[in-house]
Amino acid sequence: MEMSATCPECAEEIKLKEQAELGEIMACPCCSARLEIMSLAPVKIQAAPSVEEDWGE
Amino acid sequence: MKLGLLYTILTPEVSMLLAAAEKRGIAVEKVLDAHLVQDLDRPSKHFGKGVSAIVQRSSSFSRSLYGTAALEAAGYKVINSHAVQSLCGDKALTTLAFARAKIPTPKTKLAYTPEGAMQAIKDVGYPAVLKPVVGSWGRLLAKVNDDDAANAMLEHKNELGSYMHKIFYVQEYVEKHGRDIRAIVVGDEVVVAYYRNSADGGWITNIAHGGKGTALKMTSELRELCLKAAKCVGGGILGIDVFETKRGLMVNEVNHGVEFKGAFAATGIDIAGKMVEYAASIAKK
């Protein structure tokens, strides 16, 4: 089933690939915003978190 | 039996872990740490039925630490445990653990004022290395070669950094000729060890800084040192960083959220598989 969501930055409708996964990072094809898939049912995307000072291994 | 997996974003490592679990017929319940709202005043379950052990892959150290504390309070086994993360995530505490276990490590001092840090730098001698006690991927490291550089760096840390940057972790510079060793320990096994070669022959070898992995020949000395280092921080799934120095092998740090795409690319070893099998064995206990 085709899944789509609206870019929170530019409002472009984005079609997600069939194998889309929770937590996947993608770029908006229109504005290139870095987005994260937060939910698949229903589909929700939001701006991906930025790398913070305490990120890493 | 089902494993839980807690993560911030779908990194290559998370993808490899999920694929390894699927290959082994191990069910995994994935939860984004952004979705966690945890009770602290009472134990509360955040994963579904059948999950007793959780693989912690949060990208953020602070989220991982607090998230793990609450999950353990709710009765889950978390890999790696809060105790292990607390120790490994703080370089000062890790160095203290090395000292207790008599693990060779570079000469290291801690100071709480720029003046104290300057004294520490004089004690270890130039060049000296300044590191944040909490930090990863080779970020915010500074190699200072003289008083001018040291004074400038200490002033910047003191004025511009958060309160944690006023904990001055000072270490002797150890020449390692543009490479170090990363070993991944899973339980009581050194699963893989490889060289990390710095991108430009410089002193920072992290893969995140463009370092490249190449294969190395394991020795019994290296194996024993890595297992000892893993044990002294509490054990689990750990990345051990080792320097080859004139004074012999030295352990620099232990990473509790070890990344392994570089290790896999360099060696082809199924590191994710080992990790998943270890997590499953913990879940079954």
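Remember, predicted model here, so these are calculated numbers, not experimental data. Every chain is numbered from 1, with letters handed out A, B, ... down the list of sequences.
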Worksheet item: Taking the six-membered ring of B:Tyr169, is the NZ or CZ of B:Lys131 close enough (under 6.0 Å from the centre) and on axis enough (within 45°)?
Response: no
- Query: Any donor and acceptor pair, going by atom type alone, linking the side chain of B:Glu29 with main-chain N or O of B:Gly48 inside 3.5 Å?
  - Reply: yes
Taking a cut-off of under 4.5 angstrom between non-hydrogen atoms, the residues of residues 38-46 of chain A near chain B are A:Met38
So side-chain hydrogen bond (donor to acceptor under 3.5 Å, both in side chains) across residues 18-27 of chain B, not counting sequence neighbours, yields B:Arg24-B:Asp270, B:Arg24-B:Glu277
cation_pi(B:Arg57, B:Tyr7) dist<6.0 Å, angle<=45: no
Of the listed A:Ile37, A:Ile25, A:Leu22, the one with the largest count of heavy-atom pairs under 4.5 Å with chain B is A:Leu22
Under 4.5 Å to a heavy atom of chain A? For B:Ser15 that would be neither
query: Does A:Glu53 offer a backbone N or O that forms a donor-acceptor pair with the side chain of B:Arg139 under 3.5 Å?
result: yes
ask   = Backbone N or O of B:Asn80 within a donor-acceptor pair of the B:Gln85 side chain at under 3.5 Å?
value = yes
Please check: side-chain N/O of B:Ser198 versus main-chain N/O of B:Gly211, any donor-acceptor pairing under 3.5 Å?
no
